[in-house]
Amino acid sequence: MNEIPLRRAEAIRKEGYAVFDFRYLLEESLSSHGHLCPGQVLGVRMSIRGLSEIGILDPKGRDRKSIMVFVEMDRCATDAVQSVTGCSLGHRTMKFMDYGKMAATFLNLKTGRAIRVIAREESRQKAKEYFSETKGTYEAQLEAYKTMHDDELFDVMEVHVKVKPEDMPGRPLRRIRCDTCGEHVQDMREVHRDGKVLCRPCASAGYYRPAGRDIF
Ligand SMILES: [Zn+2]
Ligand SMILES: [Zn+2]
């Protein structure tokens with residue numbers, strides 16, 4: 001028999017549908033996130049839906065160069081998206097869009113197909129109703145999100161996403177020195193103003209402010 005064993009992070013195609021191993025992916029996700037929570041369940045399911053829609057069956061294997069994901073929240077679910085898709089900031093395949101929304105867009109870089117999956121606000125209430133007799137809100141959501149139908153959990157929309165060359169994985173397109181602080185900026189994140197090249201924090205307020213001491 002030449003049967004290739006299925007790596008469970010990978011989906012199988014069944015009657016035209018991608019079938020992922022939800023339980024395995026959830027286990028894998030919680031071991032990297034550190035705890036089981038409603039966000040893990042939601043993030044895993046969101047990823048499964050997104051990947052299926054864009055035709056990515058083996059995100060961490062043969063399809064790893066074909067995928068990019070845009071997450072709109074820095075919450076528990078984000079870790080689950082990273083775990084299932086294998087996309088990360090370090091690989092430049094995960095983009096963090098600071099919108100505070102429980103949503104993510106899954107982009108197939110080869111076909112250009114992009115699907116945005118949004119967790120429905122109503123699902124929070126529905127989850128409580130399903131398990132209201134026996135559990136608190138947190139436990140109710142945890143259990144309900146495992147079993148609720150996709151249509152109850154998510155709204156799904158097809159979108160267009162244009163990725164700039166300087167945002168793609170691969171070698172940096174440019175490295176340039178800031179005229180004010182002298183630090184180097186790559187990937188064309190510099191600002192040109194009045195003939196000067198500035199890094200973003202020098203051009204406008206950054207998240208940090210020098211405390212007045214350099215420590216060597
Ligand atoms: Zn969590
Ligand atoms: Zn600077």
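We count ligands from 1, going down the list as the structure has it; atoms in each ligand are counted the same way.
Around the Zn ion (ligand 1), protein atoms of type N, O or S found under 2.8 Å number 4. With waters neither drawn nor counted, the protein N/O/S atoms under 2.8 Å from the Zn ion (ligand 2) amount to 4.
The backbone N or O of Asp21 lies less than 3.5 Å from no partner atom in the side chain of Arg8, so there is not a single donor-acceptor pair. Judged by distance alone, with hydrogens and angles left aside, the side-chain atoms of Arg92 form a donor-acceptor pair with the main-chain N or O of Met168 at under 3.5 Å. For the pair Gln125 (side chain) and Glu122 (backbone), a donor-acceptor distance under 3.5 Å is absent. When atom types are taken as modelled, the side chain of Lys95 and the backbone of Val163 share no donor-acceptor pair closer than 3.5 angstrom. A distance-only check finds a donor-acceptor pair linking the side chain of Arg193 to the backbone of Ala203 [under 3.5 Å]. The closest donor-acceptor contact from the side chain of Asp179 to the backbone of Val197 lies under 3.5 Å.
Contact between Ala140 and Ala127 at its shortest, heavy atoms only, is CB-O, 3.7 Å.
Surrounding NE2 of His184 are more than 12 heavy atoms belonging to other residues, nucleotides or ligands, all under 6.0 Å away.
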For this session: Take Gln40 and Ser29 through the test side-chain hydrogen bond (donor to acceptor under 3.5 Å, both in side chains) and record every step on the way to the result.
Result: CA-CA 7 Å; Gln40 293 309 289; Ser29 171; 2.4 Å; yes

